[in-house]
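Everything quoted here is computed from the prediction, not taken from an experiment.
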Amino acid sequence: MDTVSRSPNGFLSSLSTSDFELIRRHLQTFDLTADAVLSEADEMLRRAYMPHKGVISLVVKLARGEHVQVAMVGRDSIFGAFAGLGEAPTLNSAVVLVPGIASTIDVEALRVAAGQSPTFRAALTRHGLAVYAQIQQTAGCNAAHTVESRLARCLLQTRDLARSNKFVLTQEAMAQMIGARRNSVSLVAHTLQQANFIHYSRGHIEIVNLDGLIKTTCECYTTVKTLYAQLLHCQETFNN
């Protein structure tokens with residue numbers, strides 16, 4: 001397929017020239033500000049977001065008030081892929097986890113493009129399935145693996161999506177990421193710091209031993225990366 005490198009976002013850069021032209025004039029630039037709520041559960045999604053940098057957290061709110069992250073979307077993909085294939089309420093909230101910048105587009109424009117091009121529709125399907133696969137893997141991970149391995153997984157995923165070894169995550173955000181209590185996160189973050197895998201101070205995290213953190217995490221980190229590579233026909237190249 002003829003592709004043109006036009007964006008650091010994986011979904012946009014994967015489109016053929018003709019498919020990109022279907023949506024080009026509808027794209028707008030959007031600042032992803034920390035903790036901004038992009039959508040609420042049970043609402044009809046009106047806009048899709050394709051991060052250039054920054055990370056969007058997909059969060060489920062439970063009956064007792066807890067919030068649990070089920071997936072992350074960064075420069076690799078698009079938030080709102082399935083909405084572009086048909087009108088349906090969102091099943092989770094979307095909140096900016098790591099600030100950055102994104103391209104955004106009205107969902108209706110995605111639907112029009114999907115109706116005009118089978119290859120564009122297929123791209124939306126692949127990216128939607130990739131996020132869905134991450135949600136499934138996260139559910140299994142939170143149910144079966146230790147808090148330490150889950151936190152290591154989320155820190156590694158955040159690093160990959162943010163393309164940086166340094167980022168800001170509060171204890172509350174990390175607790176949501178792994179479905180654990182804040183005191184558990186504090187203890188595990190301290191353990192990872194004592195092992196010299198990370199440096200953590202007042203929400204500022206730096207990964208200082210990547211290999212050590214990879215050895216600490218469970219197989220879910222590699223599984224999700226492999227699924228994304230298979231579904232999206234690309235490999236993550238940030239290995240520094």
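Contact of the Ile105 side chain with the Gln28 side chain is not registered, since no non-hydrogen atoms from C-beta on lie closer than 4.5 Å. Thr104 has its side chain out of reach of Met50: every pair of non-hydrogen atoms, C-beta onward, lies at least 4.5 Å apart. Between Gln193 and His199, some side-chain heavy-atom pair lies under the 4.5 Å cut-off. Side-chain atoms of Val59 and Gln176, non-hydrogen and from C-beta on, do get closer than 4.5 Å to each other. With contacts defined as side-chain heavy-atom distances shorter than 4.5 Å, the pair Met174/Ile205 qualifies. Side-chain contact between Arg153 and Thr138 is present, with heavy atoms from C-beta onward closer than 4.5 Å. By the 4.5 Å heavy-atom criterion applied to side chains, Arg111 and Leu85 are not counted as neighbours.
Screening His67, Arg150, Met72 for a side-chain contact (heavy atoms from CB on, under 4.5 Å) involving Met177 leaves a single residue, Met72.
Transitive grouping of hydrophobic side chains (ILVMFWY, heavy atoms separated by less than 4.5 Å) keeps Leu161 and Val95 in distinct clusters. Note on Leu210 and Tyr221: same hydrophobic cluster, where clusters join Ile, Leu, Val, Met, Phe, Trp and Tyr whose side-chain heavy atoms are under 4.5 Å apart, directly or indirectly. Follow the hydrophobic side-chain contacts under 4.5 Å out from Leu62 and you reach Leu58 in the same cluster. No continuous path of ILVMFWY side-chain contacts below 4.5 Å connects Leu169 to Leu187, so the two sit in separate hydrophobic clusters.
Val131 and Ile78 get closest at one heavy-atom pair: CG2-O, 4.4 Å. Heavy atoms only, all atoms of each residue included: Leu97 and Ala173 are closest at CD1-CB, 4.1 Å. Residues Leu155 and Phe167 approach most closely at O-CZ, 3.7 Å, considering heavy atoms. Taking every heavy atom of both residues into account, Ala48 and Val107 meet most closely at N-CG2, 3.9 Å. Taking every heavy atom of both residues into account, Leu129 and Phe82 meet most closely at N-CZ, 3.6 Å. When every heavy atom of Cys141 is checked against every heavy atom of Cys218, the shortest pair comes out as SG-SG, 3.5 Å.
Annotation: the span from Arg47 atom CZ to Ser39 atom OG amounts to 13.0 Å, rounded to 0.5 Å. To the nearest 0.5 Å, atom OG1 of residue Thr119 and atom CG of residue Leu15 are 8.0 Å apart. To the nearest 0.5 Å, atoms CG (Asp42) and OG (Ser93) are separated by 8.5 Å.
Between the Asp19 side chain and the Phe120 main chain, a donor and an acceptor come within less than 3.5 Å of each other. In this structure, the side chain of Ser186 does not engage the main chain of Arg182 through any donor-acceptor pair within 3.5 Å. In terms of modelled atom types and a separation under 3.5 Å, the side chain of Asn9 and the main chain of His52 share no donor-acceptor contact. Asp160 places no side-chain N or O within 3.5 Å of a backbone atom of Thr158 that could act as its donor or acceptor partner. Between the side chain of Thr125 and the backbone N or O of Arg121 there is at least one donor-acceptor pair closer than 3.5 Å.
In this pair, Phe11 and His127 present their aromatic rings perpendicular. The plane angle is above 60°, beyond the 30 to 60° band.
A donor-acceptor pair shorter than 3.5 Å can be found between the side chains of Thr146 and Ser149. A donor atom on one side chain and an acceptor atom on the other are found under 3.5 Å apart for Gln69 and Ser57. Between the side chains of Thr90 and Glu43, no donor N or O sits under 3.5 Å from an acceptor N or O. For the residue pair Tyr228 and Gln134, a side-chain donor N or O sits within less than 3.5 Å of a side-chain acceptor on the partner.
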